[in-house]
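So the structure is just underneath, and the comments pick up after that.
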Amino acid sequence: MTASQIIFYILSAFILGTGILSVTSRKIFRSAIWLLFSLIGIAGLYFWMEVQFIAAAQIIVYVGGIVVLIIFSIFLTQQSGKQMEKAPLLRTVASAAAVLLGFALTFVLIFKHGFVGYNGTFLSNVDRIGSAMLGTDENGFALPFELVSMLLLAAMIGCIVIALKTKPTEE
Amino acid sequence: MNLLLLILLPLTFSLALLLVTKLHLIRAIALTGAVVQWSLTIALLFFYWQQKSTGVDSIMYFEAVYRWYDALGINFHIGVDGISIAMILLTSTVVLAGVLVSWKEERMTKEFFFLLSFLSLGAYGFFISLDLFSMFFFLEVAVIPKFLLIGIWGSGKKEYSAMKLALMLMAGSALVFVGLAGLYYNTSVNGVHSFDMMEISKASIPAATQNLFFPFAFIGFGIFTALFPFHTWVPDGHSSAPTAASMFLAGISMKLGGYGCLRVATWLMPDAAQHYSTIIIILACIAILYGAFATMMQTDLKYINAYSSVSHCGFVLLGIGMLTKTAINGAVLQMVSHGLMTALFFAVIGMVYERTHTRKVAELGGLLKVMPFISSVFVIAGLCSLGLPGLSGFVAEMTVFMGGWQKAESFYRIATIIACASIVVTAVYILRVTGSSIMGPLKNEQHLQLTDAKWNERTAAFVLLIGIIAMGVAPFWLVDLINPGTEIIIQKISSN
Amino acid sequence: MNDSSYILLIPLLPLAAFLLLGLFGKKHFSKSAGIIATLMLFAATVLSFYTAYQYFFITGKVNDIYQPITAIKYTWLSFSDALQIDMGILLDPISVMMLVVICFVSLMVHIFSLGYMKGEERFATYYSFLGLFTFSMLGLVVASNIFQMYIFWELVGVSSFLLIGYYFQKPSAVAASKKAFIVTRFADLGFLIGILIIGFQTGSLDFTTIIQRLTDTQSSQFIIITSASFLGISFLTWALTLIFIGGAGKSAMFPLHIWLPDAMEGPTPVSALIHAATMVVAGVFLVARMFPVFSMDPTSLEIVTWVGASSAIIAAIIACTQTDIKRVLAYSTMSQIGFMMFSLGVSNYGGESGLGYSASMFHLFTHAFFKSLLFLGAGAIIHMVHSNELKDMGGLRKQMPITHLTFLIGCLAISGIPFFAGFFSKEEILLAAYNANKIVFVVALLTSGLTAFYMFRLYFSIFWNKESSKQTDAHHGEGSFSMKLPLVILAMCSIAAGYISFGQFVTSDGKLLESHFHLLFSIAPVLTALAGIGVATYLFLRENECPEKYSKQLGGFYKSALHKFYIDELYLFITKKIIFNFIAKPAAWVDKNIVDGFMNGIATSTAQISASIKNLQSGKVQNYTLYFFGGLVTITILLIYLWK
Amino acid sequence: MTEIHVHHILFVSTALFFIGMYGLFTRRNLISMLMAIELMLNSVNINFVVFNKYIHAGKLDGLFFTIFIITIAAAEAAVALAIIINLYRSHKSIDVEDAAELKY
Amino acid sequence: MDTEFFFLMKHELMITLIIFILLFIKLSTTEWKNEKLLSVINILLAINFVVGFFLNKEGTLFGDMFRNNELLVLEKNILNLGTLLISLQSYEWLKKHEHAPEFYMLLLSSLLGMHFMISSNNLLLFYLSLELSTIPLAALANFDLDKKRSSEAAMKMIFSSAFASCLLLLGISFLYGTTGSLHFSEMIVQLSGSPLQIFAFVLVMAGFAFKISAVPFHLWTADVYEGSPVAVTAFLSVLSKGSLLFVLAPLLYKTFAPLQTSVYQLLLVLSVATMLIGNLFALRQQNLKRFLAFSSIAQVGFILIGLMGESATGTTSVVYFVVVYLFSNLAAFGVVSIISSATGKETVNDLKGFYKTNPLLSWILAIALFSLAGIPPTAGFFGKFFLLLAGAAKGNYVFITFAALNMVVSLYYYLRIIKTMFMDTSNGPIQKIEMNSYSKIAAIICVAGIVLAGLLSGAYNFINDLILLN
C-alpha cells in the first residue's frame, strides 16, 4: 500500500466518519462542526486528487461561507447547548432501510458498470480553468457563469426580502 | 342545403339569448329558435326527397368537408342519410316541444333556454357528423348542459342524479374514445390515419382488431342508450331533470347512443358486430324484460317512464344486435318512436307535476275529471308505450320482432319471443299507472281546483302527437326514408 | 279507386265519428253527439247491407263458389320484400256477414244508447269510443292481411278497455278494464308469435297467400312448416295453437275468460255490443278465417274443440249460480262462444263434413242478435232498477211489458226452443258434434240444458218471482222510444234470423251446403232445453225456499261454482304473489341495490380509498422526501430488474 | 490512479450521499437538514471530479460542474436559511415537525 | 460575436433588461407608488410578450450550449404570455404589497431561468437554469410574509427542491460518468442502456418529475400551492410545469431515444400513479388552491401519456396541451385570485351560491374547469383528446382505457365545484366582486384562449409544423 493509498483511506474514513457524526449528533452546534470537518476532509480529498482549484473553492465557499452562515443561523435560532429531538423511531428505521437499500443499489450499479480508469493527462491548472470560465466557444463556460450571477442576484434579493422583515408576525 | 346551418342556427340563437335580459324577449327568441330549427329540419327532409327524386343516389347527402386538424387527419366532415334525417327530425320536434313546455320557466330563464339550445346543437352536430372526431366532440358537448339543467332546475335528489348522469355518460364517452382510437390507428388513407367514417367504412379492418375495439365503442355508446347493466343513470337522471331536460334526455340523448352503436360500432366494425351479436341480444333482452319488471314496482311517474325507457331502448339494442335489415330498421324506428313517445310522456308528467306538485302514483287519482286534455294525452302516450297500433310504438316494435324472427336459429327466436313478452308486462305497468293516477276516484280534493293544459302545453303535446301519429298511421314514409341507410349498413355486414 | 271503394266508407264513417267527437265533441257536440254518430253509423249500415247484397248476389259467386275478393289493398309497412303489412279489404262470406252483423248491432246499440246514456257528462266521448270500436271491429273482419287483423285486434282491445273503463271513477270499472286489456294482451302475445311463425314459414302475411300455400300439401312452405318442429311439435301446430290462444283470449275461452264477467262494469249497451255480439266472437272469426289452415292440422283443431267444449260447460255451470244479471249473461256468452268454438273444432274443410264451420258461423250470426237483445233488455232493466242484482228485481213484467216480451224471446232463442233463431243454429252445431265426437256432443247437450235452466232462472227472477219490487223508478217508465225500438227490432231478428238458409251463403269452402234438418235428431236437445226450463220454472217462478235448499245440498260444488271455480283467485295468486313478489320486486330490488349499488359502490369505494390514503400527504416534509426516495428506488428496481 | 481504483472513491462519494440523505430524513432541525443536503451536494461534487479526472479527462466539464454546484449550493443555502429564519420568526421553532400545518 | 447574438438571445436579454430596470427603480431615490409601478411593469411585460414574436433567429451560441429556433421561440412566448397573465391577475394583491418590485425581480429571474432551460443544449446549463427558475420561486412562496402558511410552504419547497436537485445531480453525474459529455447531442451517442444509465436516467427523471409534480415526486405540490400567494401558485402550476415539459418532450424523444423501453416504462408507471393519486386526492379537497394543485397533478398524468407517444404527434400534443392548460388553469387561478384578494376566502364551500352574486366570475371559473375536465367545446377537450390519441399510438389500450376512465373521476371533482357555485345555496354568499381592468383583460384573454384554441385548429397545426421542422 502506498502512501497515497493510505492517505486516501484515512481521508475517506475521516470524511465518512465526520459525516456520520454530523448527521447523528444530537447537539446542533456540534453537528455543524462535524460538518465543517467533513467538508474540510473533502477539500483534502480534492487536494489528493490534484484539483487544487476546486479544493480552494471548497474551503472558501463551504468552510468560509456556508458553514459560517449556518453557524450564524444556529446562533440566531437556537441555544447552542440544547439537544435536538429525535425523529420518530418508525421513520428512523425506514430511513435507515431506505438509505441502505439505496446505497446498495447505487453502488452495485456503479460496480457492475465497471468504470475503467483513464490514463491520459488531466490538466486542471488555474489558467486553463480561467480561460474556459470566460470562453464563449465550445469549451467555454461564460454563459453558465453569467447565469449563476443572475441566480446569485436573485437569491440575494430573495434573502433580503424574506429575512429582513420589519412587520411583526401574525399569530 | 348547407348542413352547417343546423349547428349555426342554434348557436346564433343561444348567443342571442345571452344578449337580452327581458323575459318576454328571451322566450320569444327561444321559441323562434326552436320553430326555425324545426322548419329547417322539415326543409331538410324535403330537400332530401328532392335530391332523391332527381335521381341523386349516394350514400350521404349534402356532404361537406371542412379541413380542421390536418396534422392528425381530422376533418369536419358532415353529411346526412335517411337515418340521420330521421334523428334530426326527432331532435327538432322534441326541442320545439321542450321549449314550449318550459315556457313558464321563471327561474334563470335565460340560462335555461341557453343550455337547452346548446343541447340541441350538440345533438344536431352529432347526427350530421361523418367524422368520428367531430361526432365524439358533439357527443360530449351535451354532457355539461345536461348536468347543469338537472342540477339547477331539477327536483328531488337532483345533484346526485346530475352527477351520476354526467359521470356515467362521461365513462361512456371514455370507452367510446378507446374504440375510436382503435379505429383511427387501424385505418390509413394515403399513409395518414383517419377518423373519417366514409374512409373507415372502406378500409378493411382485421376481424381480431374489430373484436378488440367493438366492445369499447358499443358499451360506450350503449351507456348512453341504457345498456344493461349501465342503465342506472337513466332512472335517477330522468326523474330529477326538469321537464324539458327529461324530454331531451330520454327523447334525444339516449338516441345518440343508439345511433352511435349503429353507425359507429356496427357499421364500421361489422365482423365484430356479428361476433358479439349473441351478447348484445342477451343484454338487450335482459334490459327489455328486467326494465319492464322493474318498472312495475316504481311509484313515481318519472321513475316509471325512466325504467320503461330502459325497457324500450332495449328494443333498439335488440334490433341492432339482430343484424338483419328489418331489425335494424326497427331499431331506428324504435329510436324515433321512443324519442317522441317518451318526450310526450315526460311532458305530460311535467304538466301533472306542475299542477299537483307530486309525482307519486299513490297520491294521484281521477285526474281525467279535472284535466281531461292532459289525462287524455297521458293515456295516448301510455298506449303508444304499450305498442298500440296506430301509434308509433307498434310500428317500431313489430319491425324489430319481424327482423328478429328473420334469423332462423332458436336462440334468436327465443330472444324475440322474450322481447315480445315484454309487451304484456308493459301493458301491465302502463295500465296500473293509468288506472290509479288518471282514472279511479279523485284522491285529493284540492286537485279539483286544478286547471287543464295551457296553450303552450297543448301545442307541445300536439307537436309530439303529430309525430307519433304520423309515424303510427303512415309508417311507410319513414321506412322509405331510413331504408337506404340501413341498406348500406347491411351491405357492409353481409359483405364480410 | 275501383267501384268497390265505397266499402272503404264502412269502416271510415265510424272512424270519422270517432275523430270528430273525440277532438271536438266535448266543446261543440256535447248534446248532438249521439245523433251525429248514429246517423253516420246508419249510413255505414246501409252501405254494409248493400255490400252484402252485392257480394252474395252479384259479384261474390264464381262458378257457384263464393270467392274471396280483395277489394282494396295498400302497402302500409313493408318489412322485407315478401313480408309486408297491407291495409286492405277482403270480402268473403264470413267477412261480409260480420260486416252486416257489426254494423247492425252497433247501430242498435247506438240508438239504444241515445236514451240509455242521456245526460251523461261524457256523452260525446262515449259515442266517439263507440265509433272507434266499430271502426276497429270492421277493420278486423275485413282484414286481408293477418297483421292488419292483429292491428285492429289490438285496437278493438283498446276500445274495449276504454269503454269498460268508461265510468273511470269507479275503482271496479278501472280494475275490470285493466284486467280485460291485460288478459287479452297476454293472449295476443300468442297471436303475435303465431303470426311470426306463420309469416316467416309461408313467406307472406297475406291471408289468401297463406291459406293457399298452407293448404297445398305439395308446396315447399307446407312441407317445411309441418316437418320443422320445436319441442317435438310441428311448427304448424305451434303457430295455429298460438294463434288460437290469441283468439281464445279475445273470445274469453277457458282459461282466459276471467276478464269477461268483470268487463260487465262497462255501460250495458257496450256490453251488448262488444262483450256479447261482436268483439268476443273475434276469436271465433279468427279461427274461421284461418280455418282452411286449421283443417290441415288435426292437433290444433282438437285443442280448439276441447277448449270450446270445456268453456261451454264451465261457463254454463257458473252462470247458474251468479246473481248479477249481467254476469249471468256474460257467462252465457262465454258458453255460447264455446259452442261456436267446438263447432269449428269438430268441423272439416269442405263438403258435408264442413257442417260445423257453417253451423258455427250461423250460431255466431243468430247469437249476435239474441244476445245483444238480452243485454239491451238487461240494460233497460238496470236503467230502471239501478241495480244489477237479482235480489233487487222481481215481478217486473208489469212495469216493462215490452222489455219483458223481448227478453222472453231472447231467452227462448238462446235456449234453443224451436221456431226461434237459436234453435236452428244450435241444432246444426249439435249435429256436427254428434257426427264428429260423441263426448263433445254429450257435453253440448248438457250445456244446452243448463243454458235453458239459467236463462229461465234469470227470466223468472227478473219478471216473476217476488211480486213488485220497491226500488223501481216509476217516473222512468220503461225508457224512451230510442230504447224500446232496438229491443223490438232485435227481438224480431232473433226470430227471423233462424230462417235464413245459412248453408247457402256461408260454408267452409264457399260451395252450397244443403240444410240438414232432422226432426228426429232435434228431439233430444229440445227435450233437454224444456227440462231446463221446467226446473227453472219450478224453482224460480215463485219466491220459495227450494233454490237455497238445493244449493245447500250441492254444497262445495255450488260454492266453487259461485266463486267461478276460484280461477280468478288462481290468477291473482300467480300475478300478485308470484310475478309481483318473485319477479318484479326482485328486479326492482336488484336494480336498486345491486346494479345501481355497484355503480354507487364504485363511487363510495373511490371516496373511501381517497380518505384512507390521505396520510400520504402528512404535511411533514421529511416524509415527503422519504416517499420520494422510496418511489425512486422502487421505480429503479422495477425498470432495471423486474420489467424486462 | 494506479493505486486507487475509481470504485473506491465512488464508494466514498456514494456513502457520503446516503449519509447526507439519512440526515435529511431523520434530523428534525431544519438547519441540520440543510447541513445534510450540503453533504449530499458535496458527494455529487466528488463524483463529478472523479469522473472528470479519471475517466473523461479530455475536457473540464465535470470540474466546472463542481464549481457551479458549489456556487448554487451557496445560493440555495442562503435562501434556505433566510426562509428558515422567517419560519422561526413565525413559528418560534425550527423543528420541522412544527411546520406541518398544510396537509392532507 | 455579432448582432446575431442579440437576436438569438433576445427573449433572455429582454427579461434581464426588465429585471435591471426594476432594480434601478427600486434603488432609485424616488418613491414609486405601487399602482404606477405595476402599470409600468405590466406594460413592460406586454411589450416583452409582443416583442417576442418579432426578429427571431435560429441558431446556436456558446459552443452549442445555447440554441434557439422557432419552436423554442414559440414556447418562450407562451411562457411570456403566462407571466403577463399572472401579472395582470395579481394586480389587486400586489397593490397592497410592500415588495412589489422584488416580487417581479424574482418572478422574472425564474422566468429567465425557464427561458434558458428551454434553450439549453447542455446538462450544465440546464441544471443551472433549472435552479435559477426554482430558487427564486422558493423565495416567492414566502411572499405572504406575514402568514405562517406561506413560510411553511417556502420551507417545504426549498427542501424538497434541494433534495430533488441532489438526486438530479447524482443522475447527471452518472450520466456524465458513463457518457463523458454534458451535451445532449453528444450524450446520445454514448447511451447504451446499461443499468447505471437507466438508474441515472431515473434519477434525472425524478428531478423532472419533481418539478412537474408527477407521483410519487409530487408530495410537496399541494402544500406549497396552498401556502403560497395565489400568483406564485399559478406560476408554479402553469409556467414551472410548462417549461419543464417543453424541455422534457424533446429530451425524451431525442436524447434518451436509446433508452426507449425504459422511457416508456417509466412514463407508464409515472402516468398511472400520477393520474390515480392526483385524482384520488383531488376528490376530497376543500381549499381551492389545494384542489387545483391535485387537479394539476392529475393533468400531468395526462400529459405524460402524450409524452409516451414519442413521436412528433406526441410532442405536439404535449406542447399544445400546455398552451391549453395555461389558459384554463390561469383562468381558474384568476378567479381564485380575485376571490381571495377581495375576501380572503379560498375554500370550496365559500363558493356556495356564488353564481347568484357573481354570474360572470362563475361562468369564467366554470369554463376553466370544463376545460380542465376536458369537456367540449373548450380547448381542454381537444388537448386531452390529442394527448390520449398520441398515447394510443403505442397500442397499450388497457392503459388508455384506464386513462380515459380517470377522466371520469376528474370530472367528478370539477363538477363538484360547479355544483357548489350553481346549485348550492348559502346564507352568506360572497358578495358581488368588482373586477379591475387588469384582471378583466386577463380573464378575456384566458376565456378567448379556452374557447378558440380548440375550435380553431391553427394553434395545433402551427405547433405541429414547427415540431416537424425542428
Side-chain angles (χ1 to χ4, degrees), chain D residues 6 10 13-14 17 20-21 24-25 30 33-34 36-41 43-52 54-59 61-62 64-66 68-69 71-73 75-91 94 96 98-104, chain E residues 122-125 127-128 130-132 134-139 141-142 145-159 161-163 165-183 190 219-220 222-228 281 284-287 290:
Chain D
V6 185
L10 289 177
S13 68
T14 312
F17 189 87
M21 192 183 280
L24 182 70
F25 289 164
L30 285 170
M33 284 167 69
L34 185 66
I37 283 177
E38 297 302 335
L39 278 180
M40 290 165 79
L41 288 173
S43 126
V44 177
N45 281 347
I46 298 173
N47 267 2
F48 273 110
V49 173
V50 170
F51 286 136
N52 196 346
Y54 298 113
I55 297 172
H56 308 293
K59 291 194 285 182
D61 287 349
F64 271 95
F65 218 118
T66 310
F68 286 116
I69 290 174
T71 326
I72 300 253
E76 205 160 25
V79 174
L81 285 171
I83 290 170
I84 289 168
I85 287 169
N86 193 43
L87 188 84
Y88 176 70
R89 281 202 203 115
S90 57
H91 287 70
I94 53 168
V96 66
D98 292 341
E101 199 185 324
L102 303 164
K103 58 185 171 185
Y104 304 139
Chain E
N122 177 299
L123 275 174
L124 175 59
L125 189 64
Y127 170 68
L128 293 177
L130 182 69
E131 290 294 340
L132 178 56
T134 313
I135 294 174
L137 281 178
N142 210 345
L145 288 164
D146 44 2
K147 284 192 181 147
K148 277 174 90 172
R149 295 173 154 239
S150 186
S151 48
E152 184 185 331
M155 182 274 286
K156 282 179 175 168
M157 166 129 195
I158 191 85
F159 276 100
S161 79
F163 180 66
S165 52
C166 284
L167 293 172
L168 174 70
L169 280 173
L170 188 66
I172 292 177
S173 81
F174 287 143
L175 278 181
Y176 173 64
T178 53
T179 64
S181 175
L182 292 171
H183 275 292
Q190 298 292 333
L219 290 149
W220 62 282
D223 296 0
V224 173
Y225 281 19
E226 187 182 351
S228 307
F281 271 97
R284 42 187 304 286
Q285 296 307 322
Q286 275 304 314
N287 183 292
R290 202 171 172 83

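Residue numbering restarts at 1 for every chain, and letters A, B, ... go by the order of the sequence lines.
For chain D, the nearby parts of A153(E) are the backbone and the side chain; heavy atoms of each come within less than 4.5 Å. Proximity to chain D (any heavy atom under 4.5 Å) is shown, for E152(E), by both the backbone and the side chain. F17(D) touches chain E through its side chain: at least one heavy atom from C-beta onward sits under 4.5 Å away, while N, CA, C and O do not. Contact of F25(D) with chain E is made through the side chain alone, with heavy-atom distances under 4.5 Å. Neither the backbone nor the side chain of S150(E) comes within less than 4.5 Å of any heavy atom of chain D. For chain E, the nearby parts of I37(D) are the backbone and the side chain; heavy atoms of each come within less than 4.5 Å. A138(E) touches chain D through backbone and side chain together, each having a heavy atom under 4.5 Å away. Interface remark: L219(E) contributes no atoms to any contact with chain D (heavy atom separation under 4.5 Å).
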Criterion side-chain contact (heavy atoms from CB on, under 4.5 Å) on L102(D) and Y225(E), from CA distance to verdict: CA-CA 10 Å; L102(D) 303 164; Y225(E) 281 19; over 6 Å; no
Give the intermediate values and the outcome of side-chain hydrogen bond (donor to acceptor under 3.5 Å, both in side chains) for residues S90(D) and S151(E). CA-CA 8 Å; S90(D) 57; S151(E) 48; 3.3 Å; yes
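When side chains are defined from C-beta on, F159(E) counts as touching L30(D), because their heavy atoms get closer than 4.5 Å. Using a 4.5 Å cut-off on side-chain heavy atoms (C-beta onward), C166(E) and L41(D) make contact. For the pair R89(D)/I85(D), a side-chain contact is recorded, criterion being any heavy-atom separation below 4.5 Å from C-beta on. The shortest distance between side-chain heavy atoms of M157(E) and T134(E) falls below 4.5 Å. The shortest side-chain heavy-atom distance between K59(D) and F64(D) does not fall under the 4.5 Å cut-off. Side chains of Q190(E) and S181(E) form no contact here, defined as non-hydrogen atoms less than 4.5 Å apart. You'll find the side chain of I94(D) stays beyond 4.5 Å of the side chain of M155(E), heavy atoms only.
Contacts with chain D were tallied for F281(E), Y127(E), Y176(E), F174(E); Y176(E) has the most, counting heavy-atom pairs under 4.5 Å. Note on I69(D), V79(D), D61(D): by heavy-atom pairs under 4.5 Å with chain E, the leading option is D61(D). If you tally non-hydrogen atom pairs under 4.5 Å between each of L34(D), V50(D), L10(D), V96(D) and chain E, the highest count goes to L34(D). Of the listed residues (I158(E), D223(E), N287(E)), the one with the most heavy-atom contacts under 4.5 Å to chain D is D223(E). Your options are I135(E), L169(E), T178(E), L128(E), and the one with the most heavy-atom pairs under 4.5 Å with chain D is L169(E). When the candidates I83(D), I84(D), D98(D) are compared by the number of heavy-atom contacts under 4.5 Å with chain E, I83(D) comes out ahead.
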